[in-house]
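Source: prediction; values computed, not measured. Every heavy atom of this structure was used, including side-chain atoms; hydrogens, water molecules and symmetry mates were not.
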Amino acid sequence: MKSTTTVRRVSLSVAVVAALTGVAACGSADSGKGDSKASDAGTVHLSPVAAVLRDVEQSTDKADSAKVRASTSMGDIMAMNADGALTWGNGLKGNLDITYTGGKLADSMRKAGTSHMEARYLPGAYYVKMSDAFAQQAGGKHWVKYDFDYLAKVGGASGAYMKDQLQTSTPNQSVKMLLASGDVKKVGVETVDGQHTTHYAGTVDVAALAGKGSNLSADQLTALKQQLKQSGITTDAIDIWVNDQNLLVKKSEKAATANGTLNSTAHYSDYGVAVTAEAPPAADTMDIADMMKSGGVSSPSGGTTSGGTGLSS
């Protein structure tokens, strides 16, 4: 029973990590859906900085894919690195290798026999491959499937928002957030990853942009804003670095939460790289929904509905 409980708890934590990593590697809100006509009509009113960022948004979106190197941390809860390649032409798809580098989550994962996992992102679900030690406690299966519809159904507003973000995230979302915020400035010229880049920065209202850019219902949006308030997340400081081809080279985000400061940094390269991702063998895969049926756990979003991380005691 203890090992089964450990497997469930770790699986829930993994759900949050894989989702957070996928979104962080791309962007945390689509603030531009459905606004193209209005944006085009108002192009003449764009400031010089906004006009450049609009070009960056479009160029990055058209690139369709890229290699990604990212790091994410949240207070003393977790710290992790991710490396892989993602494509966003028809929903987020790709592969990331995720390594836990510190925090309570890393300790929890080590107890389960692993500090590294492979995540595969597909349009309808994402899959996480755990260690042999984890599989020994989980019926011999290495992969856990997290279906987006299931996460949305049982995760409340934050589950629905997680689904929405995972299905729409692209690297240019950070650019869209800055454009929508109206608070963006040119910082200067810097060399990043060996490239000549221009640095832009701004601060966005997280709840306001979540409402503008998501596909949530009015009730879901109200609940999400309440959850964001409870988690302590109000603003997100965003920095981006853009190369001479108007492609995003680096983005950094920083937000205060009830669990400590959330820091996320991602580097992009090799735009247009071929990316393939397939569902793992069914015989080696367990579904998080089936695991939760036997565990009596109601929130596979890992407790994010209250700003948590799934690391319940």
Taking [X] for its side chain and [Y] for its backbone only, find out whether a donor-acceptor pair lies under 3.5 Å.
X    : Y    : answer
T197 : E190 : yes
T191 : G194 : no
N95  : T276 : yes

### Query
Taking atom types as modelled and ignoring hydrogens, do the side chains of S59 and Q245 form a donor-acceptor contact shorter than 3.5 angstrom?
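Not at all, the side chains of S59 and Q245 share no donor-acceptor pair under 3.5 Å.
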### Query
Given side chains that start at C-beta, do those of V273 and T87 come closer than 4.5 Å, heavy atoms only?
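Answer no - side chains too far apart.
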#### Entry: Side-chain touch V144/F134, heavy atoms, less than 4.5 angstrom
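A side-chain contact exists here, since the closest heavy-atom pair is under 4.5 Å.
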#### Entry: Ring geometry between Y126 and Y146 (parallel below 30°, tilted from 30 to 60°, perpendicular above 60°)
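Judged by the thresholds at 30° and 60°, the geometry between Y146 and Y126 is parallel.
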## Note on the structure
Contacts of H142 meeting side-chain hydrogen bond (donor to acceptor under 3.5 Å, both in side chains) (sequence neighbours excluded), chain-then-number -> D132, D284
### Query
Of all heavy-atom pairs between E278 and L122, which one has the smallest distance, and what is that distance?
C-CD1, 4.0 Å
### Query
Looking at M80 and T101, what are the two nearest heavy atoms and their distance?
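Shortest heavy-atom contact: N-OG1, 3.6 Å.
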### Task
Determine, for K176 against D61, whether the closest basic-nitrogen to carboxylate-oxygen distance falls under 4.0 angstrom.
no
### Query
Among pairs that include at least one residue of residues 114-131, which meet salt bridge (Lys or Arg N to Asp or Glu O under 4.0 Å), considering only residues two or more places apart or in two chains?
E118-R120
